[in-house]
> 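Submitted below is the structure of interest, expressed as structure tokens.
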Amino acid sequence: MRVLPGSPARIGVHWDGEATSFALFSAHATAVELCLFETADARFEAERLPLPERTGDVWHGRFPAIRPGQVYGYRVHGRFAPQEGHRFNAHKLLVDPYAQAITGALAWSDALFGHDPAQPDAPDPRDSAPCMPRAVVVDPRFDWGDDRPPRTPWSRSVLYECHVKGFTQRHPDVSPEQRGRYLGLASPPVVEHLLALGVTALSLLPIQHACIDAHLARLGLPNYWGYNTLGFFAPDARFASGSRGEQVRECKQMVKSLHAAGLEVLIDVVYNHTPEGPPRGPMLSLRGVDNASYYRLRPGDPGEYVDFTGCGNSLNVSHPRVLQLVLDSLRHWVTEFHVDGFRFDLAPVLARDPEAFQRFGRFFEIVRQDPVLAPVKLIAEPWDLGAGGYQLGQFPLGWTEWNGRYRDGVRRAWRGDPGLIGELATRLAGSSDVFDSARGPLASVNFVTCHDGMTLADLVTYARKHNEANGEEGRDGPHDDSHNWGVEGPTRSLRVSKRRERARRNLIATLAFSQGVPMLSHGDELGRTQRGNNNAYCQDNEISWTDWSLDDDGRAFLGFVQRALRLRHANAVFRRRRFFANGDGSEVRWLRRDGEEATPADWESGALACVALWIPAAAADPADEAGRPAAAETVLLLVNPDAHAHAFTLPAPARPGVWHELLNSACETRRRLDKSVVLAPWSLALLAHREPS
């Protein structure tokens with residue numbers, strides 16, 4: 001086969017219409033072989049071709065005869081010296097770190113390990129090719145037409161976290177061949193539901209190509225969530241009709257179709273660890289390409305890893321080429337797939353340089369200055385498992401963060417924990433105790449449920465987790481601030497059911513009317529249950545899949561969620577870019593039940609059982625970030641997380657008018673109110689002050 005030198009300038013594999021160029025970084029390798037397979041399921045490669053050139057630390061070559069659809073892998077030669085951080089073993093087939101598509105499943109076997117199980121300091125001689133997935137050369141061409149990113153401002157954004165398969169697998173109106181796939185997520189019935197719900201952006205659980213964990217393989221369970229990324233550039237073939245490039249085309253079509261409906265697409269990315277696990281884990285890609293460069297090695301003991309993730313390894317983003325890998329991957333998803341942003345799993349790992357979290361570290365500075373990445377939405381999961389790993393509120397300007405304090409405080413307040421009315425008020429007002437004034441309330445992604453933990457329905461149905469199906473005897477999963485309202489699990493008790501329904505409504509309405517960026521977890525509006533499993537990462541079945549069938553109560557709750565989000569979208573007082581100013585009450589007032597302003601002594605004493613939040617229309621930003629005018633009206637949010645009913649005296653604004661009840665979590669009535677209103681136990685109501693017609 002004819003081989004040309006190629007170029008080191010662009011790492012990865014690229015077909016330009018005439019030839020395919022290959023380039024791989026490895027600082028410590030002695031040789032790199034390109035392995036070509038005749039078919040995707042061939043056990044061994046048909047050819048091994050040395051990459052002919054090395055420029056610096058990049059091995060490269062250009063092959064005119066190689067075309068899209070070619071299945072390939074690498075074998076990398078070098079020293080096997082684990083105590084020095086080197087683990088090369090050319091007996092092991094490796095997935096290209098820059099693979100744009102991956103075909104085949106990982107088949108767990110002892111042959112995957114680079115070391116001899118009986119002698120960890122010796123290389124294992126078995127060939128791993130029959131057990132390994134392989135990369136595919138991709139034709140990048142795609143007709144994007146007039147696709148444009150929606151560029152929804154943060155102030156108008158409502159995020160919807162969802163799993164591509166789980167959201168659509170049971171949808172009766174999605175065609176069977178599209179259920180659980182990229183095209184199903186962008187199908188008309190699903191898009192219609194999302195638009196009617198009022199969300200503006202899908203935040204997708206990982207769609208980069210993932211593989212199964214060893215312990216799950218032993219249990220016969222999948223890695224359903226996908227937080228085990230093998231291919232940072234490759235869409236996961238699980239959600240496509242095929243794996244020889246179909247996953248690339250169909251993922252692009254999904255984004256194009258969602259954009260056409262005005263919906264943004266954000267993806268969850270995992271650049272903190274890889275599936276290779278601890279040092280004596282399998283050799284799948286980076287470990288065999290250049291272990292000493294790609295992973296954080298323990299100072300003074302390079303045979304071991306520094307682990308900030310709890311997954312056995314941490315990517316060494318301090319290394320320039322590893323940092324380049326992450327940035328190249330991010331740019332690839334923006335330029336090739338037109339995604340609108342990213343949610344970074346265990347984000348502090350990316351800013352540890354070398355070990356302590358750096359708020360103004362290199363990664364943040366490079367992203368801020370990058371013309372491709374700077375305009376997109378950037379969301380941090382602001383914690384990892386390393387020392388000082390909880391960094392909520394510490395990310396730089398331009399980033400938003402999952403606000404775990406919002407989740408915890410709102411859950412506890414609404415289940416009736418005493419003394420939390422001040423906490424609830426702080427979360428409603430945008431969490432100024434967490435985020436500095438330069439970033440404002442829009443730095444906070446507010447949520448009460450997400451993929452990690454109980455669903456909304458389960459949060460009010462179970463007082464403890466029920467994770468037996470995960471095979472770990474219930475030891476796994478987080479602690480949820482859940483409450484069953486009297487009975488564990490499903491019940492026929494009308495009293496308990498009504499309390500649970502009200503609790504769900506309280507949580508949704510609080511989310512809709514809080515300052516910050518709201519995020520819903522998929523299917524919560526449909527009453528999705530995981531039967532009390534709060535760690536369904538390995539449940540690719542009806543435990544995790546959304547049930548789209550609704551009874552009368554289900555339709556009523558869906559209507560409530562839609563109405564709450566419509567009220568948020570219609571009124572700019574809920575979408576401020578700045579925190580409320582203290583002082584004269586022109587922007588916000590907190591009122592007691594008697595209609596008088598709550599004093600510092602009221603808050604500090606803990607005697608407040610309920611409170612009212614008054615936001616005048618003048619407190620709204622006159623325009624959003626895009627300069628579009630914002631409609632606003634004066635509102636009064638009455639909050640009663642107490643077990644007793646309470647009467648509220650309504651304030652009298654300076655302008656004449658009437659208080660109109662827009663939403664009440666305890667009843668469906670819409671009343672015109674004069675001087676007072678009684679709020680039921682564990683309930684809230686939103687009122688708007690309108691001039692007489």
> Report the C-alpha distance between Leu684 and Asn640 in whole Å, list the side-chain angles of each, state the deciding distance to 0.1 Å, and finish with yes or no for side chain to side chain contact (heavy atoms under 4.5 Å, CB included).
CA-CA 6 Å; Leu684 60 71; Asn640 179 20; over 6 Å; no
> Can a donor-acceptor pair be found, under 3.5 Å and without considering hydrogens, that links the side chain of Ser544 to the backbone of Gln539?
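Yes: the side chain of Ser544 pairs with the backbone of Gln539.
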> Would you check if Leu520 and Leu159 make a side-chain contact, meaning some heavy-atom pair closer than 4.5 Å?
no
> Does Trp485 have its ring centroid less than 6.0 Å away from the ring centroid of Tyr462?
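Here the rings of Tyr462 and Trp485 have centres that are no less than 6.0 Å from each other.
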> For a quick check under 3.5 Å, do Glu161 and His522 share a side-chain donor-acceptor pair by atom type?
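Result is no, nothing qualifies.
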> Are Tyr406 and Ser514 linked by a side-chain donor-acceptor pair shorter than 3.5 Å?
yes
> With a 4.5 Å limit on heavy-atom distance, are the side chains of Arg170 and Thr546 in contact?
no
> Any carboxylate oxygen within less than 4.0 angstrom of a Lys/Arg side-chain nitrogen, looking at Arg343 and Glu381?
yes
> Walk me through it: do Ile615 and Leu613 pass the test side chain to side chain contact (heavy atoms under 4.5 Å, CB included)?
CA-CA 6 Å; Ile615 313 176; Leu613 169 60; 3.9 Å; yes
> State, without any angle test, whether His466 and Asn533 hold a side-chain donor-acceptor pair at a distance under 3.5 Å.
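Result is no, nothing qualifies.
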> So, are Lys165 and Asp540 salt-bridged, with charged N and O less than 4.0 Å apart?
yes
> Looking at Phe557, is Arg504 sitting on its ring face, NZ or CZ under 6.0 Å from the six-membered ring centre and within 45 degrees of the normal?
yes
> Look at Arg464 together with Asp480 and state whether they make a salt bridge at an N to O cut-off of under 4.0 Å.
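Answer for the salt bridge query: no.
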> Salt bridge or not for Asp417 and Arg415, using N-O below 4.0 Å?
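Here Asp417 pairs with Arg415 in a salt bridge, since their nearest N and O are under 4.0 Å apart.
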> Just so I know, are the side chains of Arg411 and Thr449 near enough to count as touching, which here means a heavy-atom distance under 4.5 Å?
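They are in side-chain contact.
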> What's the verdict on salt bridge (Lys or Arg N to Asp or Glu O under 4.0 Å) for Glu250 and Arg181, showing C-alpha distance, side-chain angles and the deciding distance?
CA-CA 9 Å; Glu250 291 172 16; Arg181 294 178 173 172; over 6 Å; no
> State whether the number of non-hydrogen atoms from other residues, nucleotides or ligands found under 6.0 Å of His215 atom NE2 is greater than 12.
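Atom NE2 in His215 is crowded, with more than 12 foreign heavy atoms closer than 6.0 Å.
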> Going by distance alone, is a donor N or O of one side chain under 3.5 Å from an acceptor N or O of the other, for Ser665 and Asn506?
yes
> Does Leu686 reach the side chain of Phe574, with side-chain heavy atoms less than 4.5 Å apart?
yes
> Please check if any side-chain donor atom of His660 sits under 3.5 Å from a side-chain acceptor atom of Arg690, or the reverse.
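Absent: no donor and acceptor within the cut-off.
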> Determine whether a donor-acceptor pair (N or O, by modelled atom type, separation under 3.5 Å) exists between the side chain of Asp345 and the backbone of Val269.
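Checking the backbone N and O of Val269 against the side chain of Asp345, no donor-acceptor pair under 3.5 Å is found.
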> Taking Asp458's backbone N and O only, do any of them form a donor-acceptor pair with Thr455's side chain (distance below 3.5 Å, no angle check)?
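A pair under 3.5 Å: yes.
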> Would you check if there is a donor-acceptor pair between the side chains of Asp476 and Asn470 at a distance under 3.5 Å?
yes
> Check Asp481 with Arg412, please: is the shortest side-chain N to carboxylate O separation under 4.0 Å?
yes
> Between Lys465 (side chain only) and Gly477 (backbone N and O only), is there a donor and an acceptor less than 3.5 Å apart?
yes
> In terms of side-chain heavy atoms, does Thr461 have a donor or acceptor partner in Asn484 at a distance below 3.5 Å?
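No, no side-chain donor-acceptor pair sits under 3.5 Å.
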> For residues Pro382 and Trp399, determine if any side-chain heavy atom of one lies less than 4.5 Å from a side-chain heavy atom of the other.
no
> Decide if the gap between the ring center of Trp545 and the ring center of Phe167 is smaller than 6.0 angstrom.
no
> Considering only NZ, NE, NH1 and NH2 on the basic side and carboxylate oxygens on the acidic side, decide whether Asp433 and Arg427 come within less than 4.0 Å.
yes
> Are Tyr537 and Tyr224 an aromatic pair by the rule of ring centers under 6.0 Å?
no
> Is any side-chain heavy atom of Leu687 less than 4.5 Å from a side-chain heavy atom of Leu673?
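Of all side-chain heavy-atom pairs linking Leu673 with Leu687, at least one is under 4.5 Å.
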> May I ask you to check whether Trp154 and Thr400 show a side-chain donor-acceptor distance below 3.5 Å?
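Their side chains do not contain a donor-acceptor pair, so the 3.5 Å distance test is not met.
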> Do the two ring centres, one from Phe239 and one from His163, sit under 6.0 Å apart?
yes
> Is Arg563 paired with Glu668 through a side-chain N to carboxylate O contact shorter than 4.0 Å?
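Yes.
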> Would you check if the side chain of Asp642 reaches a backbone N or O of Ala609 as a donor-acceptor pair within less than 3.5 Å?
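Such a contact is absent between Asp642 side chain and Ala609 backbone.
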> Got a salt bridge between Arg670 and Glu661, using NZ or NE/NH1/NH2 to carboxylate O under 4.0 Å?
no
> Could you report the tightest heavy-atom contact between Ala680 and Ala666, atom names first, then the distance?
CB-CB, 3.8 Å
> Tell me, with the steps shown, if Leu194 and Tyr160 meet side chain to side chain contact (heavy atoms under 4.5 Å, CB included).
CA-CA 9 Å; Leu194 295 170; Tyr160 191 78; 3.7 Å; yes
> Asn535 and Asn467: side chain to side chain donor-acceptor pair (under 3.5 Å), yes or no, with the steps?
CA-CA 7 Å; Asn535 191 32; Asn467 295 359; over 6 Å; no
> Side chains of Ser155 and Asp624: is there a donor and an acceptor less than 3.5 Å apart?
no
> Going through the checks in order, is the side chain to side chain donor-acceptor pair (under 3.5 Å) test met by Ser257 and Gln253?
CA-CA 6 Å; Ser257 297; Gln253 185 60 53; 3.1 Å; yes
> May I ask you to decide whether Asp552 forms a salt bridge with Arg555, counting only side-chain N to carboxylate O separations under 4.0 Å?
yes
> May I ask you to check whether His193 and Trp548 place their ring centers less than 6.0 Å from one another?
yes
> Are Arg592 and Leu608 packed together at the side-chain level, in the sense that at least one heavy-atom pair is separated by less than 4.5 angstrom?
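Heavy-atom side-chain distance check passes, below 4.5 Å.
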> Please examine the side chains of Gln178 and Thr168, heavy atoms only from C-beta on, and report whether any two atoms are closer than 4.5 Å.
no
> For the CZ atom on Arg492, are there more than 12 heavy atoms of other groups (residues, nucleotides or ligands in this structure) within a distance under 6.0 Å?
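At most 12 heavy atoms, drawn from other residues, nucleotides or ligands, come within 6.0 Å of this atom.
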> Less than 3.5 Å apart, any donor N or O on the side chain of Ser243 or Gln247 sitting next to an acceptor on the other?
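Ser243 vs Gln247: no donor-acceptor pair found between side chains.
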> Check whether any side-chain N or O of Asn534 sits under 3.5 Å from a backbone N or O of Pro478 as a donor-acceptor pair, and report yes or no.
yes
